[in-house]
Structures are given as structure tokens and as C-alpha cells.
Amino acid sequence: MGTTETGIVGGRLSLAEYDRNFSDLHPPLDEHEALVASDRCYFCYDAPCMTACPTSIDIPLFIRQISTGNPIGSANTIFDQNILGGMCARVCPTETLCEQACVRNTAEHRPVEIGRLQRYATDIAMRDNVQFYARAEPTGKSIAIIGAGPAGLACAHRLAVKGHNVVIYDAREKAGGLNEYGIATYKTVDSFAQKEVDYVLSIGGIDVRNRQMLGRDFSLSDLLSEHDAVFLGLGLAGVNALRTEGETAAGVEDAVDFIAALRQSETKSDIAVGRRVVVLGGGMTAIDAAVQAKLLGAEEVTVCYRRGKEHMNASEFEQDLAASKGVTIRHWLQPKRILTREGKVAGIELDYTALENGRLVTTGETGAITADHVLKAIGQTFEADGLGAIALQSGRIVVDDEGRTSLERVWAGGDCVLGGEDLTVSAVAMGRDAAESINRVLAAASQPAVAVA
């Protein structure tokens with residue numbers, strides 16, 4: 001049985017309870033279930049689901065291929081547009097993208113299960129190690145990619161297919177980026193993130209160098225002198241601070257670090273959690289942290305968000321999931337100060353908020369919640385160290401429609417660019433499209449000059 005200790009401790013549950021709590025959120029479809037689910041698709045000619053997909057996967061085609069008993073062909077259709085289609089099938093907010101656009105919603109208020117069907121097909125292809133792509137003849141060109149997250153991996157794979165040599169530099173111990181370190185454990189079980197990395201790298205021509213950080217181990221000018229082009233898929237490494245009294249107290253933790261530790265834990269019993277946890281924020285990170293704190297054995301978990309339910313970045317599905325796990329979500333509250341006792345978190349004092357003429361203001365009322373563990377999920381920031389003269393706006397890299405930065409031979413994509421959506425699928429699309437642009441530029445540069453008579 002779990003521990004009865006107070007404070008922030010691990011091992012609150014039995015190993016069997018951890019296994020049950022962190023099992024697959026959406027178990028995979030079996031063959032019969034997939035055939036039944038695929039039969040609900042109208043195979044629309046002008047499919048709104050396809051338009052809603054950031055990677056523009058031909059959704060009606062891949063579902064028709066499943067319905068005709070061709071899951072391998074279906075996986076090929078998916079991977080042609082999204083080489084990380086397996087992970088996206090697990091973590092995409094399909095309820096606000098393709099499935100929200102599904103015409104089945106009009107009559108039945110229940111869309112085709114596009115995400116689960118996508119997982120069905122891609123899982124079969126990956127399980128059987130079916131390779132759909134072969135490298136083109138070597139071009140002799142070399143591209144450096146900084147960041148082994150979704151954008152970097154998608155860019156690397158597309159460039160490798162074109163025959164280029166790719167070197168990925170990543171600061172962490174494992175490749176995968178957000179997919180490896182930032183996704184709730186119950187959304188991607190059985191080390192799937194690393195299995196997908198291995199599948200992507202199996203194309204060949206991609207060298208991953210871990211524990212290599214821009215500005216510490218190499219500079220952008222170093223890479224430009226060694227490679228023909230550079231792609232920046234840096235993600236968001238910084239975390240916003242509360243800037244309130246008590247923030248440095250024992251028991252205050254960044255939610256992204258909490259989630260990352262969970263993802264790297266074998267048993268989950270070594271991850272410490274308090275009895276009464278408060279999570280600050282309204283996005284997916286806040287919800288993922290809150291749900292997992294409850295699954296680790298916390299008695300009370302409260303999410304506090306400074307605006308209303310309709311303003312939360314977390315989807316309604318995710319909010320409902322949190323509620324179903326026993327998480328309380330409270331709105332119109334923002335942190336005022338962390339209450340401490342002997343240097344440890346004892347609670348949090350909050351200001352009530354409201355909107356006045358479109359501006360968020362405090363009402364003058366305050367409240368307090370008893371807590372021994374506070375998780376901060378109030379946004380991540382881009383760390384621009386080592387980028388030199390590359391143009392930034394609002395703290396992100398400025399790129400054109402093809403992902404080109406203001407610096408010649410440097411492209412960028414994913415969360416680090418202005419307009420990035422903090423979605424795996426969007427990062428994949430930007431990495432893929434930047435690779436096509438890089439390939440066009442390198443191919444044009446390789447063409448011999450034509451003499452003018």
C-alpha cells in the first residue's frame with residue numbers, strides 16, 4: 001500500500017496502482033474496431049477534416065485504405081505528410097482540429113475517430129518496421145539541425161530522403177524534444193517516443209549528437225562554416241517566473257520539470273508529490289501536471305487560472321478529463337504570494353480577478369488555498385542565446401512562409417518561431433516545409449551557371 005507520509009514524497013501508491021493510473025489513455029483499436037470506425041467516414045471529396053489538419057494529411061484516403069483492409073497503405077498516406085504521425089495520433093488535440101471539423105458532428109454530434117484510426121495504421125507499420133522511403137543519391141550537402149524535437153526530426157527526415165547528410169545537435173540526453181519530455185505519461189506509454197525516433201532515424205544519413213547546446217558547445221557561425229544550411233528547431237526552454245513572494249520556497253516547482261521527470265521514471269513511485277497540490281496556469285501543461293499529480297496519489301489537486309473557462313488554452317476535452325480524475329479547476333484567480341512555514345510551502349494567497357473594458361484587473365478580494373506543493377505552468381519562453389543577429393519579434397524568431405530567417409542559409413520552425421502554435425503537429429509541418437525550402441535552395445545553388453550568348 002502507499003505511504004501515509006505528509007509533505008512532498010514518492011511512493012504514495014502501490015506499484016499496481018501506478019501501473020493502472022498511468023496506463024494508455026486511449027487504448028489502441030483492434031482490427032474489428034478499426035473497420036467499424038472507418039466505416040463511419042463519408043470520405044468527403046472536399047474534406048473539412050483535411051483542411052483542419054496542420055500537416056494536410058489526406059484523411060479520407062487513409063481511412064478508406066483502413067476500411068478496405070490496407071493499413072500499411074494507410075500508414076504510407078499518413079507518413080507522406082507527417083512522419084511523426086504515430087505520436088500526433090496520440091497527442092494531437094483532435095477534438096479541436098480534424099475531429100471538430102468532421103461532418104459527422106452535424107447529425108450525430110460524434111465525429112469519426114480520426115486520431116485512433118491514424119494510430120491503428122501507423123502502429124502496424126512501425127510494429128512491422130515497414131519502411132516507405134529510401135534515400136536519394138547523395139548530394140554531398142550537409143545540413144545542421146539544432147533541436148531533436150518534432151520540428152527538427154521532421155526536417156531531418158525529409159532532408160535525408162532528398163539525399164542530404166544531416167547532423168542534429170540536441171541539448172538533452174535523448175532525442176524527441178517535447179514528445180519525450182513534455183507530454184503526459186498516460187498519452188504515450190511503452191517508450192513510444194523513442195521508438196518513433198528510432199523509426200525516423202532508420203532512413204539513414206542522420207547523425208544525432210546529444211548534450212550539445214547552442215552558445216555553450218558551438219556557435220551558429222561554427223555551424224554555418226561547417227554546413228551548407230542550418231535549421232533551428234529550438235523549442236521553448238525557458239519558464240516564466242511568478243515574481244511573487246515565496247516563489248523560492250521548498251515545494252514550488254516548474255510543471256515542465258515535474259512532467260519531464262515523470263516521463264523518465266520507470267515505476268513512477270520515485271516521483272514525489274504533495275498531499276495538497278495547486279497548479280497555476282490554464283494550458284495543456286497545467287492540465288497534464290494536475291492530472292498526473294492526482295494519479296501519483298495527491299489527495300487534493302486544484303488548478304488556478306486567472307481568467308475564465310472559455311479563455312483556457314487547454315481544450316474542453318482536457319478540462320473534462322481533469323475533472324473526471326478529481327482535479328478541481330478554479331477560474332478568475334491569480335497568485336499573490338506563496339505562503340510558507342519554515343521555508344516550505346504551506347499554501348497560496350490569490351487575488352480574485354475580472355475583466356473590465358477588456359483588461360484583466362484584480363477586484364480587491366483575496367483568498368487562500370492550503371497546499372504543500374505548487375506547480376507553475378504559466379508559460380514557457382524562448383531563450384535566444386547564441387542566435388546573434390537573427391531578427392526576433394515578441395521574443396520569437398521571425399520567419400517567412402518557407403521558414404527562412406533574416407540570416408542567409410538559416411531556417412527555423414516549431415515553437416521558437418513567431419506564430420508557433422505549441423502543437424507537435426504544427427511543428428512537424430514547419431519542419432517538413434522548411435526542409436523542402438532548404439532542398440530547393442541547395443539544388444538551385446548546385447546547378448551550373450548558364451552562359452549568356
Side-chain angles (χ1 to χ4, degrees), residues 16 19-45 47-50 52-53 55-132 179 183-196 198-200 315-318 320-321 324-325 424-425:
D19 286 342
R20 183 174 65 250
N21 287 356
F22 288 92
S23 60
D24 212 331
L25 178 63
H26 299 297
L29 300 172
D30 61 28
E31 182 180 9
H32 175 72
E33 290 170 329
L35 291 173
V36 171
S38 63
D39 195 48
R40 294 187 64 242
C41 182
Y42 288 137
F43 310 117
C44 305
Y45 171 73
C49 58
M50 184 174 171
C53 174
T55 53
S56 301
I57 293 171
D58 192 335
I59 294 170
L61 176 58
F62 94 65
I63 294 179
R64 182 180 290 279
Q65 288 169 311
I66 291 173
S67 73
T68 56
N70 183 17
I72 296 299
S74 176
N76 196 355
T77 298
I78 294 162
F79 287 143
D80 278 350
Q81 292 295 103
N82 183 348
I83 193 60
L84 272 66
M87 182 61 80
C88 288
R90 289 161 165 79
V91 304
C92 260
T94 54
E95 65 277 2
T96 62
L97 295 172
C98 56
E99 291 181 13
Q100 185 181 60
C102 179
V103 297
R104 278 283 187 180
N105 283 315
T106 304
E108 301 176 13
H109 306 289
R110 185 168 71 91
V112 175
E113 293 181 280
I114 298 170
R116 296 183 77 191
L117 286 167
Q118 181 168 312
R119 174 176 175 177
Y120 171 76
T122 54
D123 277 7
I124 289 174
M126 291 179 63
R127 180 198 68 198
D128 296 343
N129 195 29
V130 178
Q131 296 294 326
F132 300 105
N179 290 352
I183 302 295
T185 303
Y186 52 80
K187 293 180 181 177
T188 169
V189 301
D190 300 329
S191 301
F192 179 79
Q194 286 306 300
K195 293 176 183 176
E196 187 171 58
D198 293 341
Y199 184 78
V200 169
S315 69
E316 190 169 344
F317 170 83
E318 294 290 340
D320 291 344
L321 173 67
S324 73
K325 300 298 183 182
T424 294
V425 67

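Position 1 is the first residue of the sequence, and the numbers go up from there.
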For the pair Arg90 and His26, evaluate side-chain contact (heavy atoms from CB on, under 4.5 Å) and give the outcome as yes or no after the intermediate values.
CA-CA 8 Å; Arg90 289 161 165 79; His26 299 297; over 6 Å; no

Exam field: side chain Glu196 to backbone Ala193, donor-acceptor pair closer than 3.5 Å
no

Over 12 non-hydrogen atoms of neighbours within 6.0 angstrom of CD in Glu316
no

Would you say Arg40's side chain and Arg110's backbone share a donor-acceptor pair under 3.5 angstrom?
yes

Less than 4.5 Å apart, any side-chain heavy atom of Lys195 and any of Asp190?
yes

Could you tell me if the side chain of Ile114 sits less than 4.5 Å from the side chain of Thr94, heavy atoms only?
no

No-hydrogen, no-angle side-chain donor-acceptor test under 3.5 Å, Asn179 and Thr188
no

Is a donor on one side and an acceptor on the other found under 3.5 Å between the side chain of Glu99 and the backbone of Gly115?
yes

Would you say the side chain of Phe192 lies within less than 4.5 Å of the side chain of Met126, judging by non-hydrogen atoms?
yes

Nearest heavy-atom neighbours spanning Val130 and Tyr199:
O-OH, 2.5 Å

Ignoring hydrogens and angles, tell me if any N or O in the side chain of Asn105 forms a donor-acceptor pair with the backbone of Gln100 under 3.5 Å.
yes

Go through the steps for Asp80 and Phe132 under the test side-chain contact (heavy atoms from CB on, under 4.5 Å), then give the verdict.
CA-CA 9 Å; Asp80 278 350; Phe132 300 105; 5.6 Å; no

Would you say Gln65 and Asn76 make side-chain contact, with heavy atoms under 4.5 Å?
no

Contact between Leu321 and Leu25 at the side-chain level, heavy atoms closer than 4.5 Å - yes or no?
yes

Does Gln194, at its CD atom, have more than 12 non-hydrogen atoms belonging to other residues, nucleotides or ligands within less than 6.0 Å?
yes

Donor-acceptor under 3.5 Å (Arg116 side chain, Ala37 main chain):
no

Has Glu95 got a side-chain atom pairing as donor or acceptor with Ser315's backbone, closer than 3.5 angstrom?
no

If you take all heavy atoms of Ala121 and Ile78, which pair is closest and at what distance?
CB-CD1, 4.1 Å

Can you find a pair of side-chain heavy atoms, one from Tyr120 and one from Ser38, that are under 4.5 Å apart?
no

